[in-house]
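Heads up: the structure comes next, in structure tokens.
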Amino acid sequence: MTETAMSTAKSSKLNGFDLKTAGPAIALLILCVIGFLLNPAFLSEGNITNLLTRSAFIGIIAVGATFVITAGGIDLSVGSMAAVIAGVMIIVMNGAVDTFGTGLTTVLIGCGCSIILGLGAGLVNGLLTTKGKIEAFIVTLGTMGIYRSLVTYFADGGTLSLNYDIRGVYRPVYYESFLGLPIPVWVFIIVSIAGWFLMNRTAFGRYCTAIGSNESVAKYSAIKVDRVKTLTYVIQGLCVSLATIIYVPRLGSASSSTGVLWELEAIAAVIIGGTVLKGGYGRIGGTILGALILTTIGNILNFTDMISNYLNGTMQGLIIIIAVWLQRGDWGRKTSAD
Amino acid sequence: MKTFRKIGALATVATIAFTGWASAENIKIGVSYPTPTHAWAAGMNWHAEKAEERLEALYPDVDLILVNSPDPSAQASALEDLMSVHQIDALVVLPFESEPLTDPVLNVKKSGALITVVDRGLSQPGIEDIYVAGNNPELGRVSAQYMKGRLKEGDNIVILRGIPTLIDNERFDAFMAEIEGSGINVLDHKHANWNRDDGFEVMQDFLSRFPDIDAVWAQDDDIAIGVVAALKQAGRDGNGMFVVGGAGMKETIKGIMDGNELVPVDVLYPPAMIATAMDVTVAAFKSNGPVAGRYILGATLITPENAASFYFPDSPF
């Protein structure tokens, strides 16, 4: 981490130390030091594994959100989408037990169903935004309400629970490890690498940035703006479905309280990571750090009783604002820069 | 055992003769409550519908009108409709929030209807004729008593609390008052928002932070499910470890009937209280005994012996 900080510092001598890139990493490092000072058990293997696994849900969703936001859009529906996909997955898997038994086939059917739903839900958001010419905020605010009430309806207001025998087969997807890292963390790593590659090494990534900076210019530059924008929502949907696939085996249930506020956490992770909310500049690496920072805050607050429980939200809010201020503020720089 | 115990009657309304309401040809009773958005409320919705079927079959002249509303202002409008369109003789209301619904309920009262308030009190005293509620402090106290019976001096527990609200404070304060002086250490308490995911994460962190935990008070059955998953993940579900939840979720009660050692008991905070309120309200028109007053339901400790009477396999909760 320090190496990256050093190299960026060299590459941007004009600004002295480039906080735009190093900001999130520094914030995370400071948080970890605070956590360790509060309780050395913070750095125990068990806690670090818990932290990383927990970050995987928001992290994976936030990777998708980075594309949407970079291209100048926003998706408020991801939390509700995760809840409804989790709900439908559970219904489908419970229903498939009679035909396919409680083996791997049923779990694969559930996962396949999740991916189809994710892609479909993303496509709906994307098409309504581009072809329907409705603002993304309104489209996804609408689908957010629709998905949330659908899961409540499917669960009859209660909780959908996965068949107990399938749970045994599916459980390892959340709880087992591979080469010392839990499987959700591996999924997170793979999604992050794929996202980074797509954003930084492909034409698609550059198109997203171009559209986010100036949609008209992008259109005149022969970029298929509608198609690229729609694709960002489809990617977001895919990310949500992957996150759901690793979420369901954790507790084997979905209810109307599943995924509440995930959309805001994902957006916060993206912005903390240095992506600009109005689009035109996106950083996948920063997003991942942002997701880790958000989870770490919650974790540290559980590790201490120095701060009143009622002030948890205050601490989270302060740290988010400071983390963003670290990279946006003009402090330490000559003010003439615009 | 009685399902509820009456702890006091409102002297001011005791003199009112309820026979006045009963003279109408058809007795219309409005039942207003929040739209179910979580499992407990869905259970309440189910029990309200069951009570409606049962009471209307029993008394053909009683008409119960069930309305659920998604937010406080919708509930206020629903109350106006019940009054103007249906011209109800009595209202059973589980208010979304106390403050914004106090005036609307007061308006219904001015129309002459009998008022039964369920679970959450109004912010002005003396409006309701009948009050039916679960007993939050008792839930905390009964849980603490069970802990004291199972644990010895020097044992450690952690507490997972609900959403920061008055209900949560009442439960927590009564628990702490009861546990005080027993020598049982409360290592820490955190809010898990009556939610499985938060229960899981908070418990994971408690397990990393405290190497020695003997029992967990999860206060709520949803939180307890998350706690149990975290305990199993960490392999710390043995050695006499146990978790006490609360509410009376059907899966939890089934587990108790089957002799689950990790969650051996539950403390009742029943969604069926709406049915109790409807029964009492109908009784105001049908019974020859006085019914006005405050009914505080017991926070019964559910054990393998009595679990069957609290088990409703068809309810969503």
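Note that these values count all heavy atoms, side chains included, but never hydrogens, waters or copies made by symmetry. In the text below, chain A, chain B and the rest are named by the order of the sequence lines, each starting its count at 1.
- Counting heavy atoms from C-beta outward, A:Thr102 and A:Thr106 have side chains that stay 4.5 Å or more apart.
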Legend entry - Trace of the side-chain contact (heavy atoms from CB on, under 4.5 Å) decision for B:Val118 with B:Val93: CA-CA 6 Å; B:Val118 189; B:Val93 58; over 6 Å; no
Inset, instruction - Please assess B:Leu231 against B:Ile213 for the test side-chain contact (heavy atoms from CB on, under 4.5 Å), listing each intermediate value before the final yes or no. - result: CA-CA 11 Å; B:Leu231 286 170; B:Ile213 300 172; over 6 Å; no
Short of 3.5 Å, which donor-acceptor contacts do chain A and chain B share? List atoms and distances.
residue  : atom : partner  : partner atom : Å
A:Asn50  : OD1  : B:Gln204 : NE2          : 3.2
A:Arg54  : NE   : B:Gln204 : OE1          : 3.2
A:Arg54  : NH1  : B:Asp205 : OD1          : 3.4
A:Arg54  : NH1  : B:Asp205 : OD2          : 3.2
A:Arg54  : NH2  : B:Glu201 : O            : 3.3
A:Arg54  : NH2  : B:Gln204 : OE1          : 2.8
A:Arg54  : NH2  : B:Asp205 : OD1          : 2.8
A:Gly157 : O    : B:Ala39  : N            : 3.4
A:Tyr247 : OH   : B:Asp197 : OD1          : 3.1
A:Tyr247 : OH   : B:Asp197 : OD2          : 2.6
A:Arg250 : NH1  : B:Glu201 : OE2          : 3.4
A:Arg250 : NH2  : B:Asp197 : OD1          : 2.9
A:Ser253 : OG   : B:Arg196 : NH1          : 2.8
A:Ser256 : OG   : B:Thr37  : O            : 2.2
A:Asn299 : ND2  : B:Asp205 : OD1          : 2.7
A:Asn299 : ND2  : B:Asp205 : OD2          : 3.2
A:Leu301 : O    : B:Lys190 : NZ           : 3.0
A:Asn302 : O    : B:Arg209 : NH1          : 2.7
A:Asn302 : ND2  : B:Asp205 : OD2          : 2.8
A:Phe303 : O    : B:Arg209 : NE           : 3.3
A:Thr304 : O    : B:Lys190 : NZ           : 2.7
A:Asn309 : OD1  : B:Lys190 : NZ           : 3.3
A:Asn309 : ND2  : B:His189 : O            : 3.0
A:Asn309 : ND2  : B:His189 : ND1          : 3.4
A:Tyr310 : OH   : B:Asn169 : OD1          : 3.0

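- Of the two parts of B:Phe317, neither the backbone nor the side chain holds a non-hydrogen atom closer than 4.5 Å to a non-hydrogen atom of chain A.
- Interface residue B:Leu187: only backbone heavy atoms are found under 4.5 Å from chain A.
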Inset, instruction - Quick one: do A:Thr143 and A:Met81 satisfy side-chain contact (heavy atoms from CB on, under 4.5 Å)? Show the steps, please. - result: CA-CA 8 Å; A:Thr143 49; A:Met81 198 193 286; over 6 Å; no
Inset, instruction - For side-chain contact (heavy atoms from CB on, under 4.5 Å), just list the numbers for B:Val216 and B:Met241, CA-CA rounded to whole Å, side-chain angles, deciding distance to a tenth of an Å, and then say yes or no. - result: CA-CA 8 Å; B:Val216 183; B:Met241 163 71 82; 4.1 Å; yes
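- Under the 4.5 Å side-chain criterion, counting only non-hydrogen atoms from C-beta, A:Cys32 is in contact with A:Phe42.
- Heavy atoms of A:Leu301 lying under 4.5 Å from chain B belong exclusively to its backbone.
- If you measure heavy-atom distances from B:Ala41 to chain A, you find no contacts under 4.5 Å at all.
- With sequence neighbours excluded, no residue satisfies ring pair (Phe, Tyr, Trp, His ring centres under 6.0 Å) with A:Phe303.
- When all heavy atoms of A:Gly59 and A:Ala291 are compared, the closest pair comes out as CA-CB, 3.6 Å.
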